[in-house]
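We count ligands from 1, going down the list as the structure has it; atoms in each ligand are counted the same way. What you see is a predicted model, and the numbers here were worked out from it, not measured in a lab. Just the heavy atoms: all of them, side chains too, but no hydrogens, waters or symmetry mates, feed the values below. Residue indices begin at 1 and follow the sequence shown.
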Amino acid sequence: MILSPSMLSADFSVLGQQIAEIEKAGATWLHIDVMDGIFVPNISFGACVYKSIRAKSNLFFDVHLMITDPERYIEDFVSAGADMITFHVEATKNPELCIEKIHQLGKKAGISLNPGTSVDAVIPYLDKVDMVLVMSVNPGYGGQKYIEDVNPKISKLRELCGEDFLIEVDGGINKSNIKSVVDLGANVIVAGSAVFNDNITASVHGLLEEV
Ligand code: DX5
Ligand code: ZN
């Protein structure tokens with residue numbers, strides 16, 4: 001399992017230090033939540049915020065775009081240092097174009113679906129993307145409760161995609177439910193508040209030890 005701590009819950013006044021700490025504690029990915037105030041009600045941060053960290057970090061930059069018409073910004077997010085860009089199937093009229101643009105720039109492409117969106121919406125793209133991101137909360141905020149109704153979607157995607165495909169689950173995951181989400185078929189786990197709201201090193205170790 002890959003743990004992708006979500007920077008959204010970090011203390012931005014000491015962002016560089018906290019990101020160095022998750023890396024030292026054993027995390028290999030960093031989940032970067034970009035929100036535009038249109039696709040989701042909240043605004044988070046843009047490419048310039050993680051660009052400054054890129055040179056100081058070896059983490060895999062897992063950029064989750066919660067923005068409308070993501071095709072407009074793919075170049076910017078790649079030049080800022082993204083290793084993977086995941087966009088929402090609900091946010092664009094042309095998922096294929098988004099995937100193509102990301103791949104042309106030599107990066108991995110992920111497609112995400114909201115809790116209320118059926119797996120059928122992403123099926124046409126499964127053989128083109130490198131990862132599916134199943135939202136287990138309605139996107140916009142950290143610290144929400146995991147929505148159990150998404151569980152059948154995780155199992156169905158694992159069945160459809162085979163054992164090595166990347167299936168990431170995002171929202172409301174902590175020490176007490178991480179194992180059950182992995183058992184359903186997730187192999188990339190996002191955790192925001194469960195990493196940053198307490199001692200970071202101990203939290204990363206605790207989550208990694210559960211699975
Ligand atoms: C929600 C974001 C998540 C969020 C997860 O819109 O996509 O990545 O930061 O935070 P927790 O783990 O606190 O639910
Ligand atoms: Zn996210």
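Taking every non-hydrogen atom of Asp33 and a distance limit under 4.0 Å, the qualifying atoms of ligand 1 come out as 2 (C), 3 (C), 4 (C), 7 (O), 8 (O), 9 (O). The contact set between ligand 1 and His31, taken as ligand atoms under 4.0 Å from a residue heavy atom, comprises 8 (O). Contact atoms of ligand 1 toward Ala191: 12 (O) (distance under 4.0 Å to a heavy atom of the residue). In summary, the atoms of ligand 1 found under 4.0 Å from a heavy atom of His64, numbered by their order in the structure, are 7 (O). Those atoms of ligand 1 that come under 4.0 Å of a heavy atom in Val190, given as number and element, are 8 (O). Those atoms of ligand 1 with a heavy atom of Met135 less than 4.0 angstrom away are 7 (O). Under a 4.0 Å criterion applied to the non-hydrogen atoms of Met66, ligand 1 contributes the atoms 6 (O), 7 (O). Each of the following atoms of ligand 1 lies closer than 4.0 Å to a heavy atom of Gly171: 14 (O).
The minimum distance between the Zn ion (ligand 2) and any N, O or S atom of Asp170 involves atom OD2. Of all N/O/S atoms in Asp33, OD1 sits nearest the Zn ion (ligand 2). Atom ND1 is the N/O/S atom of His64 found closest to the Zn ion (ligand 2).
For the pair Ser9 and ligand 1, the shortest N or O to N or O distance does not fall below 3.5 Å. The shortest N or O to N or O distance between Gly143 and ligand 1 is below 3.5 Å. At a 3.5 angstrom cut-off on N or O pairs, Leu8 does not count as close to ligand 1.
The cationic group of Arg54 lies under 6.0 Å from the six-membered ring centre of Phe61 and within 45° of the ring axis, placing it in a cation-pi geometry.
A donor atom on one side chain and an acceptor atom on the other are found under 3.5 Å apart for Ser4 and Asp62.
From the protein, the heavy atom lying nearest to atom 9 (O) of ligand 1 is Ser6 OG, 2.9 Å. Atom 13 (O) of ligand 1 has its closest protein heavy atom at Ser193 OG, 2.5 Å. Protein heavy atom nearest atom 10 (O) of ligand 1, with residue, atom name and distance: Gly142 CA, 3.6 Å. At the top of the distance list for atom 6 (O) of ligand 1, counting protein heavy atoms only, stands Gly140 N, 2.8 Å. Scanning all protein heavy atoms for the shortest distance to atom 14 (O) of ligand 1 gives Gly172 N, 2.8 Å. Atom 1 (C) of ligand 1 has Tyr141 O, 3.5 Å as its closest protein atom, hydrogens excluded (heavy atom only). Among all non-hydrogen protein atoms, the one lying nearest atom 12 (O) of ligand 1 is Gly192 N, 2.7 Å.
Contacts between Pro139 and ligand 1 below 4.0 angstrom, taking non-hydrogen atoms only, involve backbone and side chain alike.
If you take CG on Leu15 and CG on Asp11, they are separated by 8.5 Å, rounding to the nearest 0.5 Å. Atom-to-atom distance recorded for His31:NE2 and Asp170:CG is 4.0 Å, nearest 0.5 angstrom. Atom CG of Leu166 is separated from atom CD of Glu168 by 8.5 Å, given to the nearest 0.5 angstrom. To the nearest 0.5 angstrom, Leu8 atom CG is 10.5 Å from Tyr141 atom OH. Atom CH2 of residue Trp29 and atom CE of residue Met84 lie 3.5 Å apart, to the nearest 0.5 angstrom.
Atom CG of Asn58 has 12 or fewer neighbouring heavy atoms from other residues, nucleotides or ligands inside a 6.0 Å radius. The local environment of NZ in Lys128 is crowded, with over 12 non-hydrogen atoms from other residues, nucleotides or ligands closer than 6.0 Å. Other residues, nucleotides and ligands contribute only 12 or fewer heavy atoms inside 6.0 Å of the CD atom of Gln17. The 12-atom threshold is not exceeded at OH of Tyr73, counting heavy atoms of other residues, nucleotides or ligands nearer than 6.0 Å.
Between atom 8 (O) of ligand 1 and the options Asn138, Asp170, Val34, the minimum heavy-atom separation is to Asp170.
Remark: side-chain polar atoms of Asp36 are paired, donor with acceptor, to backbone N or O of Phe39 under 3.5 angstrom. Looking only at distances, a side-chain donor or acceptor of Arg158 sits under 3.5 Å from a matching main-chain atom of Phe165.
In this structure, Met35 is part of the shell of residues with a heavy atom less than 4.0 angstrom from ligand 1.
Exactly one residue among Ser44, Ser6, Ser9 makes a side-chain hydrogen bond (donor to acceptor under 3.5 Å, both in side chains) with Asp33. That residue is Ser6.
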